[in-house]
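Positions are given from 1, in the same order as the sequence printed here.
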Amino acid sequence: LCDHDIREYFRNTQPSIIGLSAVVSTSYLTVKQIASIAREECPHSWIVMGGYLAASAHVVLKKTEVDICIKGDGEIPLLEFINYVKKHGRKKIYTELSNIKGLIYQDDTNNIHINMPGDSIPSNEIPFPDYDLLAS
């Protein structure tokens, strides 16, 4: 996709939460570019990033438009954050954000907060992949 398509998508959808996955450290420039476009088109959206680049959350949060990083397994922390957004919208209530394990965020005074590690889905609750779907 080109920047124009990304911009048009955000302009037309106006999501509450925009999720970016940065599975390699070289994704930084792409995250920075997409987050910048997203912020311009969706100023009231939360921009959340997960993946290995979250290990560099200090840089990501200070140098990009990303609001929240999720470090480690993100499924449970993301669901908890979604519930937070359903309840509070775009308000930053730091006492509540601090209770969501796995989040890393910057407060209004530019201090970075690193919450306790997030919980993982127990392995016995993860279904075995249906590889027959790949054969089609």
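Side-chain contact check for L103 versus I70: some heavy-atom pair is nearer than 4.5 Å. Taking the side chain as every heavy atom from C-beta outward, K87 and N83 never approach each other to under 4.5 Å. Residues R90 and D67 are in side-chain contact: their nearest non-hydrogen atoms beyond the backbone lie under 4.5 Å apart. Side-chain contact between Y9 and H4 is absent, with no heavy-atom pair separated by less than 4.5 Å. Within the 4.5 Å cutoff, the side chain of M49 has heavy atoms near those of the V60 side chain. Under the 4.5 Å side-chain criterion, counting only non-hydrogen atoms from C-beta, P15 is in contact with C42. Side-chain contact between V48 and L20 is absent, with no heavy atoms from C-beta onward closer than 4.5 Å.
Salt bridge present: R7 and E40 bring a charged side-chain N and a carboxylate O closer than 4.0 Å.
Residues L97 and I17 share a single hydrophobic cluster, defined by chaining ILVMFWY side chains whose heavy atoms lie under 4.5 Å apart. I126 and I76 fall within a single hydrophobic cluster, where Ile, Leu, Val, Met, Phe, Trp and Tyr side chains are chained together by heavy-atom contacts under 4.5 Å. When the side chains of ILVMFWY residues are joined at heavy-atom separations under 4.5 Å, either directly or via intervening members, F81 and M116 end up in two distinct hydrophobic clusters. Both I114 and L53 are part of a single hydrophobic cluster, where members link through side-chain heavy atoms under 4.5 Å apart. Under a hydrophobic clustering in which Ile, Leu, Val, Met, Phe, Trp and Tyr are joined whenever their side-chain heavy atoms come within less than 4.5 Å, directly or via other members, I121 and F128 fall into different clusters.
Between Y84 and H88, the two ring planes are tilted [angle within 30° to 60°]. Aromatic ring orientation, Y105 versus Y94: parallel (interplanar angle below 30°, classes split at 30° and 60°).
With hydrogens and angles disregarded, no donor-acceptor distance shorter than 3.5 Å links the side chain of W46 to the backbone of V66. Using a distance-only test at 3.5 Å, with no hydrogens or angles considered, a donor-acceptor pair links the side chain of N12 to the main chain of E8. When atom types are taken as modelled, the side chain of N115 and the backbone of I100 share a donor-acceptor pair closer than 3.5 angstrom. Distance alone, capped at 3.5 Å, places no donor-acceptor pair between the N110 side chain and the Q106 backbone. For S120 (side chain) and D73 (main-chain N/O), no donor-acceptor pair under 3.5 Å exists by modelled atom type. With R11 contributing its side chain and E41 its backbone, the two residues share no donor-acceptor pair below 3.5 Å.
Taken to the nearest 0.5 Å, the CG atom of D5 stands 10.0 Å off from the CD1 atom of I37. Interatomic distance, I68 CD1 to L78 CG, rounded to the nearest 0.5 Å: 10.5 Å. Note that CZ of R39 and CD1 of I34 are 14.0 Å apart. Values are rounded to the nearest 0.5 Å. Note: C69 SG to H58 NE2 = 10.0 Å, rounded to the nearest 0.5 Å. Considering OG1 of T64 and CG of L29, their distance stands at 11.0 Å, rounded to 0.5 Å. With rounding to the nearest 0.5 Å, the separation of NZ in K71 from NZ in K101 is 16.0 Å.
In this structure, K62 places its NZ atom where more than 12 heavy-atom neighbours from other residues, nucleotides or ligands lie under 6.0 Å away.
The closest side-chain donor-acceptor pair between D3 and Q33 falls under 3.5 angstrom.
Summarising the geometry of A38 relative to I18, their closest heavy-atom pair is CB-CD1, 3.6 Å, with the distance given to 0.1 Å.
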- Item | Evaluation steps, side-chain contact (heavy atoms from CB on, under 4.5 Å), between L61 and I112 | CA-CA 8 Å; L61 293 170; I112 301 288; 3.9 Å; yes
